[in-house]
Novice: 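Here it is: the structure, laid out below.
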Amino acid sequence: MPDSAARGERVLHGIPASRGVCRGRLFVVRPAEVREPPRYAIQPEDVQSEMDRLEAALVLSRQQLRKLKEQVAQALGQQEALLFEAQLMVLEDPVLLEGVRTLVRDSLVNVDHAFATVAQRFVASFAAMQDDYLKERAADVRDATQRVLHNLLNPDEPQDLSEIREPCILVAHDLTPSQTAVLDRQMILGFATDLGSQTSHTAILARAMHLPAVTGLRDATQRLATGDYALLDGFNGLLIVNPTDQTLYQYGQLARQYQVLEERLREVRELPAVTLDGHRITLSANIENPAEADEVVAQGAEGVGLFRTEFLFMERLELPSEEEQFEVYRGLAEKLHPAPVIIRTLDLGGDKMLNYRDQYPERNPFLGWRAIRICLAEPEMFRAQLRAILRAAVTGNVKMMYPMISGIDEVDQANALLEQCKAELEKEGLPFDRDLEVGVMIEIPSAVLTAEAIARRVRFFSIGTNDLVQYSLAADRLNPRIAHLHQPTHPAVVRLIKQTIDAGHAAGIWVGVCGEMAGDPALAALLIGLGADELSVAPPLVPAVKHLIRSLKLSEARQLADFALKEENTGAILEACQELARRADPKLFVARPPAAPDSSGGKP
Ligand code: PEP
Ligand code: MG
């Protein structure tokens, strides 16, 4: 139950996921399931008004779906918008609608109850079908009927994020890519979610949008209500409901410091990422969407160090064809040419699921059917991507890397498929890059321990610290209850990174880091000291990391790394990193507000 009626300042503690401060009204997204409507008897003379209510809810639902279809078509393409076409068809289904009308007329019950009852049966009958295609339609039927039910029960409460009319702080249990695709970005001041961490989709999206975000607030959606007034502090991971004048004043000052910092950082965008003693680092950007290419250039990155291609595959009804992928990769490569674009092959699974295939539920999705494992088991899908990348590589400076490599077998199998694709393209006479530079992500401890052998098979390593930390410390990266265990400065992680870099260098290949660790200026110093050649970070973080690199000597970063490799204590390593960064430029760090008491009812 929302307890927003209780006035007075309340502070909810979460995980700082994207820097910045904002304040405004909350818009709380309720989970999709609609409550079971109550059942009550009606009089025969009420039947018509119940039918009218049903008609009004159907009209509203159709309008909403048509609008969503248009918005998704614009944001993600026609193919993705078909999802809503299928739902519109559900709302015309005579079996469903007649079933509801008959139940109301014959049993004299309220229309919400009748609709919920018939819809439930309808969903169950689709789910039980033998035919895979029809079985998958159960999800469309469920979504469409829940929309009608919501409109019957709460016709005035918007249920689509695209219907938000005033700028607000979006509070959600979690946000999916399909929800965020239809967001009107002008209407969003910041994000606050129950789930998630610094490396979840919401966090990555918020950083790309330059909006403050706090994740891991646990039960914020239960405790807060749309319309509550709050301040969101993305530096310190706080959501402060009903902030006092004193709090607002303190944050006003903090916002001014942040603005000054942003202005200073603008100056370094055009300059190279070189340390005071002349050591050059390649500073690239991570993107999920080709539309971010302009941002990569605007923020002063030297190319794309990680293009997460899975977002081309999600929220749609079928796989993107080789041709469609080729066009996307080619467009990006041409736009950024001569800067490099590192395309990562599909990393589906874990928290990035597909719409159009049977999702066999897994108990441990991060340890399951994910990334290269799916690609090697479904070579047709993988080959379409490999061929598209090989072909796009002639139009720009394209490199490719495989995610989630656990050892040499996967690299050998993937490379063998790549060679087959090259032979096919050769035969077909299609232009492609015979010498495509291929690397791997190092993000599983077994890959670190066999990095020497892997290095002989590829031309670069890119360390994925988000997963490397998750897998080496056995700490689910999405679980807010153990977010405090996601520690990139854990001595084990520091040593794994060092071992990877040394193995790469011994084999004569370059080593980059593309996990979120690289985007934290203090930790970037440690990575440079450990020998990283390239750092790839969210576009808005490029200026701060570049400024840090330009304010520091390689010799200082190496001293820091030497210390970290000997130190046993995670906290001591983190403090040493922060101290060096603060020494390099104290202004790089926005001050914390005075300690806010935790009134969130427990430790985050
Ligand atoms: C990582 O694991 O660090 C990484 C960059 O990949 P992703 O966050 O997409 O898993
Ligand atoms: Mg990863």
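Each ligand, and each atom within it, is numbered from 1 in the order the structure gives.
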Novice: Can you tell me if M404 contacts ligand 1 (heavy atom of the residue under 4.0 Å from the ligand)?
Specialist: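 Contact absent.
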Novice: Looking at every non-hydrogen atom in both residues, tell me the closest pair between P320 and Q325 and how far apart they are.
Specialist: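 Scanning both residues completely, I find the closest heavy atoms to be O-NE2, 3.4 Å.
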Novice: Please list all pairs meeting side-chain hydrogen bond (donor to acceptor under 3.5 Å, both in side chains) that have one or both residues in residues 444-460, counting only residues at least two apart or in different chains.
Specialist: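 For residues 444-460: D412-R457, D435-R459.
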Novice: Out of all atoms in ligand 1, which are within 4.0 Å of some heavy atom of C514? Include the element for each.
Specialist: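 Counting atoms of ligand 1 from 1, those under 4.0 Å from C514 are 5 (C).
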Novice: Begin from the C-alpha positions of F366 and Y471 and carry the test ring-ring contact (aromatic ring centres under 6.0 Å, His included) through to its verdict.
Specialist: CA-CA 9 Å; F366 275 117; Y471 293 128; 7.1 Å; no
Novice: Compare all side-chain heavy atoms of L526 with those of L580 and state whether any distance is below 4.5 angstrom.
Specialist: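 Not touching, per the 4.5 Å side-chain cut-off.
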Novice: Are there more than 12 heavy atoms of other residues, nucleotides or ligands under 6.0 Å from atom CZ of R558?
Specialist: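 Counting other residues, nucleotides and ligands, CZ of R558 stays at 12 neighbours or fewer.
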Novice: Going by the order shown, which atoms of ligand 1 are within less than 4.0 Å of some heavy atom of G464?
Specialist: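 That gives atoms 1 (C), 2 (O), 3 (O) of ligand 1.
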Novice: If you measure from atom 10 (O) of ligand 1 to every heavy atom of E288, M517, R477, Q470, which option wins on shortest distance?
Specialist: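 The option holding the nearest heavy atom is R477.
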Novice: Would you list the atom pairs, donor with acceptor, under 3.5 Å between side chains in residues 535-542 and any protein atom, with sequence neighbours excluded?
Specialist:
from, atom 1, to, atom 2, distance (Å)
S536, OG, A285, O, 3.3
S536, OG, N286, OD1, 2.6
S536, OG, G305, N, 3.4

Novice: Could you tell me if R391 sits above the aromatic ring of F326, with its cationic atom closer than 6.0 Å to the ring centre and no more than 45 degrees from the axis?
Specialist: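 Yes - R391 lies over the ring of F326, closer than 6.0 Å to its centre and within 45° of its axis.
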Novice: Can you see which heavy atom on A392 is nearest to which on Y329, and at what distance?
Specialist: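 Shortest heavy-atom contact: CB-CB, 3.6 Å.
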Novice: Mind checking whether N466 has an N or O less than 3.5 Å away from an N or O of ligand 1?
Specialist: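 Such a contact does occur with ligand 1.
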Novice: At a 4.0 Å threshold, what atoms of ligand 1 neighbour a non-hydrogen atom of G515?
Specialist: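 Per the distance check, 3 (O), 5 (C).
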Novice: Restricting to N, O or S, what is the name of the atom of D467 that lies nearest the Mg ion (ligand 2)?
Specialist: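 Minimum-distance N/O/S atom of D467 relative to the Mg ion (ligand 2) is OD2.
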Novice: At a non-hydrogen distance cut-off of under 4.0 Å, which region of L468 contacts ligand 1 (side chain, backbone, both, or neither)?
Specialist: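 Answer for L468: neither.
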Novice: Looking only at heavy atoms, is any part of N286 under 4.0 Å from ligand 1, and if so is it the side chain, the backbone, or both, or is it neither?
Specialist: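 Contact part for N286 vs ligand 1: neither.
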Novice: Considering the heavy atoms of R308, write down every atom of ligand 1 situated less than 4.0 Å from one of them.
Specialist: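 Near R308, the atoms of ligand 1 are 4 (C), 5 (C), 6 (O), 7 (P), 8 (O), 9 (O).
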Novice: Would you call the rings of W510 and F460 parallel, tilted or perpendicular, where under 30° means parallel and over 60° means perpendicular?
Specialist: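 Rings of W510 and F460: parallel, under 30°.
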Novice: With the threshold set at under 4.0 angstrom, would you say E516 reaches ligand 1 through any of its heavy atoms?
Specialist: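 Contact check E516 vs ligand 1: negative.
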Novice: Can you list the ligand 1 atoms lying under 4.0 Å from a non-hydrogen atom of L306?
Specialist: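 Result: 5 (C).
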Novice: Of all the N, O or S atoms in E443, which has the shortest distance to the Mg ion (ligand 2)?
Specialist: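 In E443, the heteroatom (N, O or S) nearest the Mg ion (ligand 2) is OE1.
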Novice: Taking only heavy atoms of R370, which atoms of ligand 1 are found under 4.0 Å from at least one of them?
Specialist: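 Counting atoms of ligand 1 from 1, those under 4.0 Å from R370 are 10 (O).
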